Structure formats: C-alpha cells, structure tokens
Amino acid sequence: QSISAVLGGKLSDIWINSLRDLEKSGCGQVEISVGDRVFDVHASSNADSELMTVHVHDVTHHKAAALEAQRRAYLDSLTGLPTREVFQEHLTQTLALAKRGDRMTAVFIIGLDDFKLINETKGHAVGDKLLQTTAARLSRCLRTSDTVARLGGDEFAIIQPEPSCVDGIAQLAKRLNAALREPVSTPDGDIRPAASIGIAMFPTDAEDADELLHHADIALDRCKVEGGDGHRFFIAEMNAEVQRRRVLENDLRIAIEQEKLQLHYQPKLDLASGCITGMEALVRWIDPEHGFVSPVEFIPIAESSRLIIPLGDWVLREACKRTKAWNDAGLGPLKVAVNLSAVQFRHPTLLDDLSSALTETGLAPHLLELEITETAAMDNAEQASSVFAGISKLGISLAIDDFGTGYSSLSYLKNFPVHRIKIDKAFVDDIGQGPKGSAIARAVTTLGHSFDMEVTAEGVETAEQMVYLRGIQCHEVQGYLISKPLPPDDFSTFMEDFDTALYCPANTQTDFDWSAQRRKWQRGSVSDFKALA
Ligand code: C2E
Ligand code: MG
Ligand code: MG
C-alpha cells in the first residue's frame, strides 16, 4: 500500500522530507504528525535491492490514550484540579522566580472542618460532592495567576505569587472562608461546611517549597484547633508548640491505652438545702515525664486526634461505675455530671455508648448528666436536635456548660430539652465587682427560671458569692469554696466529713473561716499536681 493511499492524498512536504532523511540513513523510525493524526514510520533497506521498506502505522488513538493517562496523573479525577505532585513542582518554579525577582509568595493550605465526620455520617457521595463544590468555589475566588490544587483528602492548596501585601493575603483568606461557608445542598438537606486555612509566606517563613508547605500545614492545624472556620498565618513559635503537641498526643494515646488517666470529682452544693447532691467528673492526666497536664491543654489535642472518643468512653464508664458504687454505699443519692466534647456529641455511636455505659454499670439514667458547651450544641442545629432528643429519651439530663461564653443564640433553649445551665466562672468572679458586676449572673439565673431549668454557678470561691447566688435563687454552686475536684478516695472522705450546717441557708455567716474549710480540701488540687511536675 502506498503511503499516499494511507494518507488518502498527495504526500506533503513533511512526509517527503522525513522519508528522505530515512532514506539517507538507510533505516530508522520517525513519528510524523499530520493535522490531528499521528503516524509511526519505520524504514528498513533491503540488502539485495535498492528498495526500502517503509511501515506506516496510524497511532493516533494510541497516542491520545497515552496523553489522557498522563493528564490523569497530573489532574485529580474527582475535582479536575492539579495533584500534589504538580503543585509541588509549580511551587518550586514559582519560588525560584520569586527568589530571582526578590518577591514574596504566599501558600495557603485549606482543610474542610469535620470532613471525616461528614463523610462518615452523610456518605461518600455527599463527601465527593462537597469536595467538588469546594474545588469550584476556590477556583472562583482566584486570579488567573494564582494556582489551586487538591493535595489529597479534604486538603487543597493555593499559590498566590506576588501578593500585594499581607493585608491582601488576609483579604483573600477571608473571601475563601466566606465562599466555603455557603450551604451545599444534598439529597437529605443542606450541609453547612466550613474550612480552616493555614498560610505561610516565602521568604519570611521558609526557604523552599517543602518547608513552606509544612509551615502552612502547621498554621492550618492551629486554625483547626482554635475552632476552624477562619485563617491563621504561620508564626515561628508554632513550631515548638507543634512539637509539644505531637509528643503529648503520642503520650496521651499511651496513657489512654494503659488506663493511666484519673477521674477527679468536684462536689456540687444544693443552695436550698446546703447538701451535696452531686459532683462533676473531671479528667486528670499526670504523666511521669510531663507532670500534671491540664485538661485545658490535652482535651483539644484529644479532640483533634479523635483520641477523645476512647478517652470520653473511659470517663463516662468510670464516672458511672464510681457513682453507682458510692450510691450503693449510701453516700448519695449523688448525680454525676460528665463533660462531653463536641466531637463526642456528634459521634454516630454516642447514644449506643451512653446506653451501654448505663446498662453495664447499673447506674440509673436520671443520675447521669452530660455537660456540653453552647458551641458544641449549636454546631449543627438539626443534628443536635435529634441527639438532644435521643439523650433525653434515655432519661439522661443535659446541662449547658460555660453558659454565656459561646454561641450567642438563645433559641435552642426553647427548642431543646436542656435541664441545666451553668454560669461560667467569669461571671461569678464579677459578683460584687461594682454595680454591673452581678448583672450577668443574675440575668442568666432569671433566664433559667423562666425556662424551668436548674442553674448552677461554677467557680464559686467566696462566701459572698455563695450568699449572693442563694439570694437570687440560683439552685446550685460548685467551686473551691466547697472543694476542689478530689480524687475518689478523698471525695468519699469529704462526703463523710461534710457539714451541711455550715452551708445551709440558716448559716448567714460570711465571716466564718472558710479558708480553713477550704484548706482541708486542697488535696488533689491543681497546684499540688503542678508541684509534682
Ligand atoms: P469545665 O467543665 O467548665 O470545668 C470546670 C473547671 O473549673 C475545672 O477545670 C475545675 O477544676 C475548675 N474549677 C472549678 N471550681 C473552680 C474554682 O472555684 N476556681 C477555679 N479557679 N477553678 C475552678 P479543669 O478540671 O481544669 O477542666 C477544665 C476543662 O476541661 C473543663 O471545664 C472541661 O471543659 C474540660 N474537661 C475536664 N474533664 C473533661 C472530660 O472528662 N471530658 C471532656 N470532654 N472535657 C473535660
Ligand atoms: Mg463542665
Ligand atoms: Mg464550665
């Protein structure tokens, strides 16, 4: 078959030139593109004649498939964005140019808040849709000179070459956050996503692409730990903190596995009777190396690493078991309050875990109360409402912890079965501090009354505060005035020693030597643990 027949027409110059080259060398192979077709041409000379054999293969389809495979390796198939490899290469090139031109480059890493949970609870189809929507929204916010890629999972990244100023970078971050906060509709209702953004800058924060990405990642983690839905710039101090967090996370995992955590109990005093009616269980971690680590530090680490699930489960069971034993021994009836983190609150197995903890320990459900913060409760109002209902159906009561410090909407008080609000220590501290000092404690107590809820004041340290709270019909107090959180053995002794007469309404002495009473129950205090460290 003649070449012109294969081509269906007369030979073009490209062909003639290529064939001449092949003829000169006597044999060989070339690839020739004509229009949108590609040919593979093999030539070999025949030893016993002057003729040359030429094989021509139309490899257009084969070529297209190879190109597509190559394209796929560079582009993420779900979102159509460049992959991590491409991004890194591009970043390296951008940094080389920036270095030469003495210019700045900003890198953003964007992670969706709670993506894992959405994926687990709403299904992968919803997860995929969220990722695609995120990709589209990010692309929409950028200029053509910016690059966006999907690094993997729920992480995206952006290169902003030559940002005008730090303010401009923050502006872009705010625009991204706003775009990603828009609801995404799914077959079973809207989801309200949010994202955390970590930002690092070249040359201030890093010398090369790897370091820059690493530092943006650290800033992203920080943003997530601090509640997400926002942005953080990398600062050098974050490195040391990241190191400590990593070590703590690892050691905490071991402590949980080896059941090395402890649970302390802080008595709660009923103001009308002066009796102890219950206690709050507070987890304690005293590590051989780190000493006393405050829950304020390790609970957020447990939350971000999901260690809070096994930790919370242990706390729940331990608290129920202990309370049941104390009540059986005649110390009560005592009701125990257990803190529930937002991650636990949203965990799909929460209701099962609660009911099995009650069944296994034999504690009556009305003797268990769960404390959650407003923010945890309101994170996803629809889901929260069904969890609230489930908890309530189990016969367990619910308290809103640190009331007044979180979410500012009060509508959930009306709609959800909340049994108690806890006035945050900050507002209790203000009692007696000028004319407006007591205003919030009083207003919250009134609010509780009108919703038929119990009100507990936290962090009560002085007799004046207690007397004031009793005067405004606050139901319950908890704080160092009565006792610090105590190890279990000390709690039993405390209960045996406890003198109701001292705390009952009939005793109006505020000049009583409370400090002596308090000193007695300083054992197991935070300061003691700090001294151990
Ligand atoms: P929270 O639930 O609001 O607990 C009250 C905190 O105030 C406790 O701190 C308690 O020791 C402290 N406190 C109580 N009375 C006084 C007082 O009169 N004065 C002062 N200065 N402080 C007082 P702690 O034990 O360090 O716990 C801090 C936070 O860590 C808790 O705040 C809670 O949010 C969290 N947490 C503690 N244990 C657990 C747990 O088992 N699970 C979860 N998810 N969170 C926990
Ligand atoms: Mg609490
Ligand atoms: Mg609190």
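Whatever order the structure lists ligands and atoms in, that order sets their numbers, starting from 1. Because the structure is predicted, anything quoted here is derived from the model rather than measured.
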Taking [atom1] in [X] as the centre, count heavy atoms belonging to other residues, nucleotides or ligands within less than 6.0 Å. Is the count above 12?
X	atom1	answer
D452	CG	no
K335	NZ	yes
R192	CZ	no

How does [X] reach ligand 1, if at all, at less than 4.0 Å between non-hydrogen atoms: by side chain, backbone, both, or neither?
X	value
K484	neither
S341	both
D402	side chain

Side chains of T405 and D402 only: does a donor on one sit below 3.5 Å from an acceptor on the other?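 Distance-only check fails for T405 and D402.
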Atoms in ligand 1 with a heavy atom of [X] nearer than 4.0 Å:
X	result
V315	41 (O)
E461	17 (C), 18 (O), 19 (N), 20 (C), 21 (N)
V296	28 (C)
G479	15 (N), 18 (O)

Taking only Lys NZ, Arg NE, NH1 and NH2, and the carboxylate oxygens of Asp or Glu, determine whether K321 and E318 approach each other closer than 4.0 Å.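 Result for this pair is yes, salt bridge flagged.
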May I ask you to decide whether R245 forms a salt bridge with D221, counting only side-chain N to carboxylate O separations under 4.0 Å?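 No, R245 and D221 are not salt-bridged.
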Looking at ligand 1, is there an atom of it that comes within less than 4.0 Å of some heavy atom belonging to Q478?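 So Q478 does not count as touching ligand 1.
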Has G312 got any heavy atom lying under 4.0 angstrom from an atom of ligand 1?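 Not so, G312 does not reach ligand 1.
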Specify which N/O/S atom of E371 comes nearest to the Mg ion (ligand 2), by atom name.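 Of all N, O or S atoms belonging to E371, OE1 is the one nearest the Mg ion (ligand 2).
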Atom name in E280, limited to N/O/S, at shortest distance from the Mg ion (ligand 2):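 Result for E280 and the Mg ion (ligand 2): OE2.
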Heavy-atom donor-acceptor pair, H475 side chain to V455 backbone, under 3.5 Å: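 Side chain of H475 to backbone of V455, a donor-acceptor pair under 3.5 Å: yes, one is there.
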I'd like to know if the side chain of Q478 and the backbone of M279 have a donor-acceptor N/O pair within less than 3.5 Å.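 Answer holds: no.
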From the candidates [options], the one that places a heavy atom nearest [atom]:
atom	options	value
atom 37 (C) of ligand 1	D401, L340, I299, L282	L282
atom 24 (P) of ligand 1	A337, G459, A281, P295	P295
atom 25 (O) of ligand 1	R284, H264, E318	R284

Examine all N, O or S atoms of D401, backbone included, and report whether one is under 2.8 Å from the Mg ion (ligand 2).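 So D401 counts as coordinating the Mg ion (ligand 2), yes.
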Check whether any N, O or S atom of E458, backbone or side chain, sits closer than 2.8 Å to the Mg ion (ligand 2).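 It does not; every qualifying atom lies at 2.8 Å or beyond.
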Just do the ring-ring contact (aromatic ring centres under 6.0 Å, His included) check on F498 and Y503 with the steps written out, would you? CA-CA 9 Å; F498 186 76; Y503 292 91; 5.1 Å; yes
One pair to check against salt bridge (Lys or Arg N to Asp or Glu O under 4.0 Å): K422 and E280. What are the steps and the verdict? CA-CA 12 Å; K422 297 189 79 175; E280 176 172 2; 2.9 Å; yes
Apply ring-ring contact (aromatic ring centres under 6.0 Å, His included) to the pair F345 and F388, showing each step before the final yes or no. CA-CA 9 Å; F345 186 70; F388 269 98; 5.6 Å; yes
So that I can check it, does any N, O or S atom in D402 come closer than 2.8 Å to the Mg ion (ligand 3)?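 Here the distance criterion (N, O or S atom, under 2.8 Å) is met by D402, so yes.
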